[in-house]
**Student:** 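Let me begin by handing over the structure; questions about it come next.
These numbers come from the heavy atoms of this one structure, side chains and all, not from hydrogens, waters or symmetry mates. The shown structure was predicted, so the numbers you read here are calculated from the model rather than taken from an experiment.
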Amino acid sequence: MAFGGTALVPHIHDNLTGLLEKAKKRDCLTVVNTVYDFRNEQKNPVEKWPLGEHSQSFPNTDLLLMDYDEALKISGKKDVHSAVEYYRSLGISALIITKGSDDAIVWSDGSLFSPDGYYSVPISEKVVRERSGQGSHQGDTTGCGDNFVGGVLASLAKQMRDNGQHYDLEDMVAWGMASGGYACFYMGGTYIEHHPHEKFRLIKPYVEAYKDQIKHRLKKKH
């Protein structure tokens, strides 16, 4: 059960805790990906943004996907490492925090997603190299975050179908980085396919290149 960008739909957002609890009672794996909360930022810019009933939402969240600003505003912390500790203390299983072209933070307690631990992972070197060149890729960064989430969810869905109940977080990150990065190669947030599976075939080489890039290079923090 995936809840994406619920801050844009206040009735869902304010009742997210109950929805997550219902999902867990039905043995669902739950994913929450956040979005900038304009409503609560305008209402009270000095307070942390609520996520449902807040502390009760996170114990029912298996995977939390956020960008850097959202991670700080929802936790109320001043730095990303304190934010990770905050989410860990509330009982999530794993999280990924992105920060544009900077390294992303990945953490897992190992119960559902492997490897466990706290990691910093880079963006795709292949995307950066090709985007900075003079090739045929013309696009913008619109939709990079949404496409990152799409790549993560696609990998997770495939693993749920194929492997059962324990999931490869590195594969999820690789598909996220490849999908998010590939969004730089076309205008707008949606790639319009000319035939089925076209985007999958276009992104797959970037997934393979990314896996090779991070092999033996994951920087485990603690």
**Student:** Tell me if a side-chain donor or acceptor on Tyr191 pairs with a main-chain N or O of Gly188 at a distance below 3.5 Å.
**Tutor:**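 No; zero donor-acceptor contacts below 3.5 Å.
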**Student:** Just checking, is any N or O donor in the side chain of Ser57 or Thr17 under 3.5 Å from an acceptor N or O on the other one?
**Tutor:**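 There is such a pair (donor and acceptor under 3.5 Å, judged by atom type) between the side chains of Ser57 and Thr17.
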**Student:** Say whether, by atom type as modelled, one donor and one acceptor occur between the side chain of Asp67 and the main chain of Glu70 under 3.5 angstrom.
**Tutor:**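 Yes, the answer is positive, given that a donor and an acceptor are paired below the 3.5 Å cut-off.
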**Student:** Work out which heavy atom in Gly100 is nearest to a heavy atom in Ile123; give both atom names and the distance.
**Tutor:** O-CG2, 3.7 Å
**Student:** Using modelled atom types and a 3.5 Å cut-off, is there a donor and acceptor pairing between side-chain atoms of Glu198 and backbone atoms of His194?
**Tutor:** yes
**Student:** Given the rule that I, L, V, M, F, W and Y join up when any side-chain heavy atoms are under 4.5 Å apart, are Met1 and Ile12 in one cluster?
**Tutor:**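 Result: yes, single cluster for both.
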**Student:** For the residue pair Tyr119 and Val173, establish whether any side-chain heavy-atom pair is separated by less than 4.5 Å.
**Tutor:**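 Not touching, per the 4.5 Å side-chain cut-off.
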**Student:** In Å, rounded to the nearest 0.5 Å, how long is the span from CD of Gln56 to CG of Leu16?
**Tutor:**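 One gets 12.0 Å once the value is rounded to the nearest 0.5 Å.
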**Student:** With a 4.0 Å cut-off on N to O distance, would you call Lys211 and Glu208 a salt bridge?
**Tutor:** no
**Student:** Report the C-alpha separation of Asp103 and Ile105 in whole Å, then their side-chain angles, then the decisive distance to 0.1 Å, and conclude whether the side-chain contact (heavy atoms from CB on, under 4.5 Å) test is met.
**Tutor:** CA-CA 7 Å; Asp103 288 2; Ile105 298 297; 6.0 Å; no
**Student:** Look at the side chain of Gln213 and the backbone N and O of Glu125, then say whether any donor-acceptor pair between them is shorter than 3.5 Å.
**Tutor:**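 Flag set: sc Gln213 to bb Glu125 pair under 3.5 Å.
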**Student:** side-chain contact (heavy atoms from CB on, under 4.5 Å) for Val32 and Leu20? Distances and angles first, verdict last.
**Tutor:** CA-CA 9 Å; Val32 173; Leu20 287 166; 3.9 Å; yes
**Student:** Atom CG of Leu51 and atom CG of Leu90: how far apart are they, to the nearest 0.5 Å?
**Tutor:**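 Answer rounded to 0.5 Å: 11.0 Å.
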**Student:** Is it true that Glu130 and Lys126 make a salt bridge, defined as a side-chain N closer than 4.0 Å to a carboxylate O?
**Tutor:** yes
**Student:** With sequence neighbours excluded, tell me which residues meet salt bridge (charged side-chain N to carboxylate O under 4.0 Å, His left out) with Asp162.
**Tutor:** Lys158
**Student:** Ignoring hydrogens, what is the shortest heavy-atom contact between Lys73 and Glu47? Give both atom names and the distance.
**Tutor:**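 So the two residues come closest at NZ-O, 3.9 Å.
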**Student:** Could you state the interatomic distance from CG (Leu169) to OG (Ser155), rounded to the nearest 0.5 Å?
**Tutor:**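 The OG atom of Ser155 is 9.0 Å from CG of Leu169, to the nearest 0.5 Å.
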**Student:** Quick check: closest heavy atoms across Asp109 and Leu112, and the distance to 0.1 Å?
**Tutor:** OD1-N, 4.3 Å
**Student:** How are the rings of Phe185 and Tyr206 set to each other: parallel, tilted or perpendicular (split at 30° and 60°)?
**Tutor:** tilted
**Student:** Rounded to the nearest 0.5 Å, how far does CG of Leu19 lie from SG of Cys28?
**Tutor:** 11.5 Å
**Student:** Who are the salt bridge (charged side-chain N to carboxylate O under 4.0 Å, His left out) partners of Asp37, not counting sequence neighbours?
**Tutor:** none
**Student:** Please examine the side chains of Tyr182 and Asn147, heavy atoms only from C-beta on, and report whether any two atoms are closer than 4.5 Å.
**Tutor:** no
**Student:** Do Ile96 and Met160 share a hydrophobic cluster, counting only Ile, Leu, Val, Met, Phe, Trp and Tyr and linking them when any side-chain heavy atoms are less than 4.5 Å apart?
**Tutor:**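 Yes, same cluster.
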**Student:** Let's go through Gln159 and Met172 carefully: what are the C-alpha distance in whole Å and the side-chain angles of both, what is the deciding distance for side-chain contact (heavy atoms from CB on, under 4.5 Å) to 0.1 Å, and is it a yes or a no?
**Tutor:** CA-CA 9 Å; Gln159 291 186 59; Met172 292 159 60; 3.5 Å; yes
**Student:** Quick one: does Thr30's side chain have a donor or acceptor within less than 3.5 Å of a partner on Asp62's backbone?
**Tutor:**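 It does hold such a pair.
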**Student:** Count the heavy atoms of every other residue, nucleotide or ligand shown that sit under 6.0 Å from CZ of Arg201, and state whether that count exceeds 12.
**Tutor:** yes
**Student:** Indicate the atoms forming the closest heavy-atom contact of Val31 with Leu65, along with that distance.
**Tutor:**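 The answer is CG1-CD1, 4.0 Å.
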**Student:** Parallel, tilted or perpendicular: which describes the rings of Trp175 and Phe200, with under 30° parallel and over 60° perpendicular?
**Tutor:**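 Aromatic pair Trp175/Phe200 classed parallel.
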**Student:** Closest heavy-atom contact between Asp168 and Glu170?
**Tutor:** OD1-N, 3.0 Å
**Student:** Do the side chains of Leu156 and Phe113 get nearer than 4.5 Å, heavy atoms only?
**Tutor:**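 Yes, close enough: below the 4.5 Å cut-off.
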**Student:** Under the ring-ring contact (aromatic ring centres under 6.0 Å, His included) rule, what pairs show up with a residue in residues 16-42, not counting sequence neighbours?
**Tutor:** Tyr36-Phe38, Tyr36-Trp49
**Student:** Keeping the roles fixed (side chain from Tyr210, backbone from Asp171), state whether a donor-acceptor pair exists under 3.5 Å.
**Tutor:** no
**Student:** Rounded at 0.5 Å granularity, tell me how far CD in Glu85 sits from CH2 in Trp107.
**Tutor:**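 Glu85 atom CD to Trp107 atom CH2 measures 8.5 Å (nearest 0.5 Å).
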**Student:** Please examine the side chains of Ser108 and Ser114, heavy atoms only from C-beta on, and report whether any two atoms are closer than 4.5 Å.
**Tutor:**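 Not in contact.
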**Student:** Give the C-alpha distance, both sets of side-chain angles, the deciding distance and a yes or no for side-chain contact (heavy atoms from CB on, under 4.5 Å) between Arg131 and Thr141.
**Tutor:** CA-CA 11 Å; Arg131 190 163 187 251; Thr141 58; 3.7 Å; yes
**Student:** Quick check for you: to the nearest 0.5 Å, what is the distance between Tyr86 atom OH and Leu72 atom CG?
**Tutor:** 12.5 Å
**Student:** Closer than 3.5 angstrom, by distance alone: can the side chain of Thr61 be matched with the main-chain N or O of Ile92 as a donor-acceptor pair?
**Tutor:**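 Not confirmed, Thr61 side chain does not pair with Ile92 backbone.
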**Student:** Grab the two heavy atoms, one from Val127 and one from Gly181, that are nearest each other, plus how far apart they are.
**Tutor:**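 So the two residues come closest at CG1-O, 3.5 Å.
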